[in-house]
There are 2 protein chains.
Amino acid sequence: MLLSKSCVYGLRAALFLANQEEGKFVPIRHMSDKLEISFHFLTKILQQLTAEGILESFKGPNGGVRLVKKGNEIPLIEIVMAIDGPQLLTECALGLPGCGVQNPCPLHDKWAETRDSIRDMLENSTLTELVHKGKQENLRLTSESGFDILFND
Amino acid sequence: MLLSKSCVYGLRAALFLANQEEGKFVPIRHMSDKLEISFHFLTKILQQLTAEGILESFKGPNGGVRLVKKGNEIPLIEIVMAIDGPQLLTECALGLPGCGVQNPCPLHDKWAETRDSIRDMLENSTLTELVHKGKQENLRLTSESGFDILFND
DNA sequence: ATATTTTAAGACAAAAGAGTCTCAAAAACC
DNA sequence: GGTTTTTGAGACTCTTTTGTCTTAAAATAT
């Protein structure tokens with residue numbers, strides 16, 4: 001698996017937030033319902049994103065979480081780094097510690113190329129970009145429903 | 001993590017075998033010592049490769065395992081598919097079941113591209129190719145030693 | 001103040017991945 | 001036949017990931 005489940009849930013939630021009215025706090029319970037993710041689990045994941053400064057949270061009635069920056073300023077890589085850490089883009093494909101240009105494994109060069117294309121994808125896709133694409137084509141954010149679920153309450 | 005640890009160990013062992021005299025059975029104990037992988041764990045992994053028809057095994061003195069095909073006929077993807085299965089190259093990046101051209105998630109197109117570049121790398125690198133590269137430049141197959149460990153007994 | 005709504009924190013449980021161990025089965029050698 | 005060397009199969013343990021639950025703390029409203 002490329003991304004952990006936590007990371008995937010974090011990405012889905014971030015896309016959800018990027019589709020909301022800017023600056024509005026959205027309750028995690030609402031997101032967990034819409035995105036079909038366990039409330040407590042999602043809470044834990046979003047706490048990480050809050051700790052990393054990607055989200056802001058507010059307690060109490062009308063509280064919730066929201067993006068600190070605008071969605072078009074947040075590439076996917078930020079979410080991935082915050083949750084899964086840099087391993088995906090730094091680790092040796094053969095698992096050898098300290099593999100790098102100086103002391104490579106036989107796969108190093110080829111893997112470095114592939115890794116760069118993963119990095120590029122994650123750096124060059126912003127939340128807003130994917131939300132627009134998703135809305136235009138009514139693509140899916142859950143196993144069943146498309147982006148429209150984010151509106152019909 | 002892109003590949004599971006089992007898969008990485010399987011790849012290292014396959015490279016080791018591709019560097020041995022063709023047709024010779026190599027005891028797993030010998031490989032586990034050289035590659036610094038737990039004997040029992042490596043045994044279990046290589047049993048999978050045997051079950052998948054990538055290795056042949058032979059019991060008793062002078063027994064061991066060997067590659068069924070020549071190393072230059074075995075791309076890395078064969079080992080990866082045998083151990084980790086096709087998930088890496090089929091699964092949706094957002095974890096949505098049934099994501100595909102018909103019913104894509106917002107990341108589908110970009111991820112499909114990236115995934116293709118991973119597939120290409122794994123399809124276009126053969127064991128022999130990496131062994132040659134490794135021998136020429138004395139690259140590493142373990143955390144400490146280079147390819148020369150495969151010779152010095 | 002008290003009750004309600006929300007996130008925060010952390011204990012706990014279940015499942016999957018990684019790794020160890022034991023015993024059986026096959027082959028070779030004596 | 002018995003001993004040794006090897007893989008095969010499976011039970012078992014440890015660790016990490018995933019997921020659940022409980023309680024606390026902050027904010028709001030009445």
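These numbers come from a predicted model, not from an experiment. Lettering of chains follows the sequences in order, A, B, ..., and the numbering in each one begins at 1.
- B:D84 places its CG atom 9 Å from the P atom of C:dG17, with the value rounded to the nearest Å.
- In this structure, B:M121 CE and A:D109 CG are separated by 11.5 Å, a value rounded to the nearest 0.5 Å.
- Non-hydrogen atoms lying under 4.0 Å from DNA chain C are contributed by B:F58, B:K59, B:G60, B:P61, all within residues 55-63 of chain B.
- C:dT6 atom P lies 15 Å from atom CG of A:L42, rounded to whole Å.
- Applying the side chain to side chain donor-acceptor pair (under 3.5 Å) definition to pairs two or more places apart or across chains, those involving residues 47-69 of chain B are B:E56-B:R66, B:K69-B:E78.
- Straight-line distance from the CG atom of A:D33 to the C1' atom of C:dT6: 14 Å, rounded to whole Å.
- Rounded to whole angstrom, the span from the CG atom of A:L49 across to the C1' atom of C:dT7 amounts to 14 Å.
- Each of A:I28 and B:K5 lies near DNA chain C, and the nucleotide nearest A:I28 is the one positioned closer to the 5' end.
- The minimum heavy-atom distance between B:C92 and B:C105, with the atom names listed, is SG-SG, 3.6 Å.
- Hydrophobic cluster membership for B:F58: B:F25 (Ile, Leu, Val, Met, Phe, Trp, Tyr linked by side-chain heavy atoms under 4.5 Å, directly or transitively).
- Comparing B:M1 and A:G64 by the nucleotide of DNA chain C whose heavy atom lies nearest to each, the residue mapping closer to the 5' end is A:G64.
- Checking each of A:K135, A:E137, A:Q136 against A:K133 for a side chain to side chain contact (heavy atoms under 4.5 Å, CB included) leaves exactly one that passes, namely A:E137.
- Smallest separation of non-hydrogen atoms from B:A93 and B:L107: CB-CD1, 4.1 Å.
- What separates CZ of A:F25 from P of C:dT7 is a distance of 10 Å, to the nearest Å.
- Bounding nucleotides for the chain A contact on DNA chain D, 5' to 3', at a heavy-atom distance below 4.0 Å, are D:dT18 to D:dT28.
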Atom pairs, N/O to N/O, protein against nucleotides 20-23 of chain C, distance under 3.5 Å?
from, atom 1, to, atom 2, distance (Å)
C:dT20, OP2, B:S38, OG, 2.6
C:dT20, O4, B:K44, NZ, 3.3
C:dC21, N4, B:H40, ND1, 3.4

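- Atom pair A:I45:CD1 and C:dA9:P shows a separation of 16 Å (rounding to whole Å applied).
- B:V80 and B:M1 are assigned to two separate hydrophobic clusters, defined by single-linkage of ILVMFWY side chains at heavy-atom distances under 4.5 Å.
- Note on A:E129 versus B:K110: salt bridge recorded, some NZ/NE/NH1/NH2 to OD/OE distance being below 4.0 Å.
- Listed by first and then second residue, the side chain to side chain donor-acceptor pair (under 3.5 Å) pairs involving residues 80-92 of chain A are A:S4-A:D84 (not counting sequence neighbours).
- Side chains of A:S117 and B:S117: a donor on one and an acceptor on the other come within 3.5 Å.
- Of the possible polar contacts, one joining the B:N124 side chain to the B:D120 backbone as a donor-acceptor pair under 3.5 Å is found.
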